[in-house]
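Structure first, then comments.
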Amino acid sequence: MVEIELDGKKVDIIEGSMIMHAAEKAGTYIPHFCYHKKLSIAANCRMCLVDVEKAPKPMPACATPVTQGMIVRTKSEKAIKAQQSVMEFLLINHPLDCPICDQGGECQLQDIAVGYGGSSSRYEEEKRVVLHKDVGPLISMEEMSRCIHCTRCVRFGQEVAGVMELGMIHRGEHSEITTVVGETVDSELSGNMIDICPVGALTSKPFRYSARTWELSRRKSVSPHDSTGANLIVQVKNNQVMRVVPLENEDVNECWIADRDRFSYESLNGDERLTQPMLKQGGQWQAVDWQTALEYVANGLRQIKTDHGASAIGALVSPHSTLEELTLAGALVRGLGSENIDYRLRNADFTTSSGIRWLGTSIASLSNLQRVLVVGSNLRKDHPLFAQRIRQAVRKGAAVSVIASEAELASPEAWAMSLASVTTLAAGGWAQALADVASAIGAEKGVDAPVKGNASDEAKAFAKSLMGGERKAILLGNAAAHHAQASQLLAIAQWIGAQTGASVGYLTEAANTVGAQWANALPGTGGLNAGQMLSGGLKAVVLLNNEPEFDSAAGAKTPAGLEHAQMVVTMSPFKANLAFSDVLLPIAPFSETPGTFVNAEGRVQSFHAVVKPRGEARPAWKVIRVLANLLGLQGFDFESSQDVLAHVRRAADKTSTPASTHIPADRLNNASTVAIDLAAESDAAATPVVARIYELDGLTRRAPSLQLTADARGSAHAAFNVPLGQQIAHAEVTA
């Protein structure tokens, strides 16, 4: 530790730290633009000049290391004069367009200019003009004349996103930030450049000119997409979501969010929203009131139970639904006497698990791993925020090994990080590849591997990597979870983990995959799994917040599988499943309902509604509760979503407390007890069903800007690139 004096206060700081770090620790503000705590030091802007005793001139606080006994003054006449001079230079070419700038009201340059800028300018020449650039549907670079060349965006691309999409060209007053000629910014984390830009050079294209920042109410929420559980600030005007930005949480998402977290809000305000209950009568859709719709569903369920038995009724639920919705959906089905409920829509292996399958380690620990083995994941696209944490680890020297399909999904370019070892082969060969690694480890340690494999040079490279280092993890991706041999893959991975000291876990696909297991949204004894239900095993089907054609392994076969059902009830925020549904019940998306998501590490995160439900939409937990009451089922007397959450805690985990932030550790268990038999490869060669980055759920599929990105081009579900109204014109929807 080094002790320095900062504005008369003694500050102890780690040797090698900069004056800026000491100031942050002491709570002293030093004005700055280019410095960002998550990025490397550039010392471009010089706004942080401070007075260091015995130094001949003011020194940049962000790039000056502390030394024992150093005396620093941040508010001396020398420091203030230097800062004012820098501000004058920065404003020489800056346009005076604050009244029309989207950054107005939250602009760092604007704020600092108030304290350090002059009341008039001595500069009388013409200001420079930088031509605008079109870099895609998400980021606006229309006013690059505002850029002060802090290079935060450039460093973010290189260091966090892993892709240098922006750079600076030319010199002096001709310098400008740009892409390679004609290129767009396509990173799945690109929206964070908007947040870290200290001026209005980079702004949100979907949000552009839609509201002033001081008109927006700010409310906390949690991302409903992937399993990170990113913390959000949702900004609202006139009961409408206008913008989504990150809420800093070092243990979860740090200060970043993925583009699908940021821009999927567009679908919340789209024309495709379902705003009133609808029944299909004579092949046409008719709008009805809630009482009529719910009584129709209740009477239909009673009749089907009487005619075919309770086992003919089932529910397919989305892992993007809240914990409360999943809990009550399960209670409804079981209250009717059925065990047919499942959230594993894309799975091919439905082996019963002895515990809750989760990440196997904390999210924060991913940044400090030394060895990583990823199986069956396009990590960068499936889990952008996990990928950037592992990218941090790689920058510190971590070795990442990959077993996946298709060379382009397991290349350093596709992952935007260097990879130590890569094996690319069809999904049917993943289990054998892991078995080969296990054999290599067994041979090295002198123990018997759990399954016969070939200790090839490639397998030995994987084994050597895993047996080195101290902090290591084996991570099974979405494709591994959906694999026909998922349990076999897990069993081999667990043996490898036990022998090498690595944690073993699933990246988990959706916002509430872990929560769905905790809520027991799984078939009980004698119950049908998702594959069986989608193959035509039911007479009455409840679809909660999902579209099986896009969200399940059945895909295009869904209509054929459900055609024998007498009643299909869709509960969705959107006009979905029109071809085979009989009832549409409008439910509230995450922004319009309170609820709880449990992320990959088992962190329980509750949130409130940020706006009122649109039209006649209602929170799904309320809809299910009222439906259960109409059916005369017991145990549905809940007054709030918090009551449902408390019920989950009491019923599932008697040791947990209402204040607990995580699922109890004894429930988080990735154990697989299946016998490893690689000869049984009936359907193992089939490619696992994995959603592309902007097809993960109904919200992202209906966000126009996301569907215009490079990642959405050539989508298997290209229909979502056009307004849904055009898609369903043939459905003869009438209100």
Side-chain angles (χ1 to χ4, degrees), residues 359-361 365-366 368-380 382 386-387 390-391 393-394 396-415 417-481 483 485-507 670 672 676 678 684 688:
L359 186 62
T361 185
S365 71
L366 297 179
N368 298 306
L369 291 173
Q370 295 174 327
R371 299 289 186 271
V372 186
L373 171 59
V374 181
V375 181
S377 176
N378 181 8
L379 184 65
R380 178 181 164 192
D382 293 345
F386 289 171
I390 293 177
R391 198 172 292 121
V394 170
K396 299 172 188 174
V400 177
S401 303
V402 178
I403 297 175
S405 301
E406 302 180 28
E408 64 269 21
L409 298 186
S411 66
E413 293 75 22
W415 282 47
M417 68 179 80
S418 59
L419 302 176
S421 304
V422 177
T423 293
T424 56
L425 70 172
W430 294 351
Q432 186 60 58
L434 269 183
D436 293 347
V437 176
S439 293
I441 292 172
E444 182 70 24
K445 298 190 68 175
V447 297
D448 292 332
V451 62
K452 185 177 180 180
N454 175 27
S456 62
D457 291 342
E458 194 173 51
K460 289 177 180 177
F462 277 78
K464 182 179 179 181
S465 177
L466 279 174
M467 293 176 72
E470 296 179 357
R471 300 180 298 276
K472 36 202 168 183
I474 300 172
L475 302 174
L476 303 175
N478 296 351
H483 200 283
Q485 289 182 305
S487 297
Q488 308 260 13
L489 290 170
L490 176 59
I492 302 171
Q494 285 176 321
W495 186 89
I496 295 173
Q499 294 299 319
T500 61
S503 65
V504 179
Y506 285 97
L507 292 165
N670 287 308
S672 178
I676 302 173
L678 301 188

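Starting from 1, each residue takes its place in the sequence as its number.
Remark: Ile403 CD1 to Gln432 CD distance equals 11.0 Å, nearest 0.5 Å. Rounding to the nearest 0.5 angstrom, the gap separating the CZ atom in Phe386 from the CG atom in Leu379 is 9.0 Å. Rounding to the nearest 0.5 Å gives a distance of 6.0 Å between NZ of Lys460 and CG of Asp457. If you take CG on Leu366 and CZ on Arg391, they are separated by 12.5 Å, rounding to the nearest 0.5 Å. Taking CD1 of Ile496 as the reference point, atom NZ of Lys472 lies at 12.0 Å (rounded to 0.5 Å). Rounded to the nearest 0.5 Å, atoms CH2 (Trp415) and CG (Asn378) are 7.0 Å apart.
Of the possible donor and acceptor atoms, one in the side chain of Asp436 sits under 3.5 Å from a partner among the backbone N and O of Asn454. Within the 3.5 Å criterion, the main-chain N or O of Val504 finds a donor-acceptor partner in the side chain of Asn670. A side-chain donor-acceptor contact under 3.5 Å links Arg371 to the backbone of Ser465. In this structure, Gln494 contributes its side chain and Ser672 its backbone to a donor-acceptor pair below 3.5 Å.
Between Val422 and Glu458 the shortest heavy-atom distance is O-OE2, 3.4 Å. The nearest pair of heavy atoms linking Ala473 to Leu369 is CB-CD1, 3.8 Å. Residues Gly477 and Ser377 approach most closely at CA-CB, 3.5 Å, considering heavy atoms. Taking both residues in full, the closest heavy atoms of Ala438 and Trp495 are given as O-CZ3, 3.4 Å, listed atom of the first, atom of the second, then distance. The minimum heavy-atom distance linking Leu476 with Ala493 is given by the pair CD2-CB, 4.4 Å. Nearest heavy-atom pair across Leu434 and Leu373 is CD2-CD2, 4.0 Å.
Under the 4.5 Å side-chain criterion, counting only non-hydrogen atoms from C-beta, Leu359 is in contact with Leu475.
The neighbour count for Asp448 CG, taken as heavy atoms of other residues, nucleotides or ligands under 6.0 Å away, does not exceed 12.
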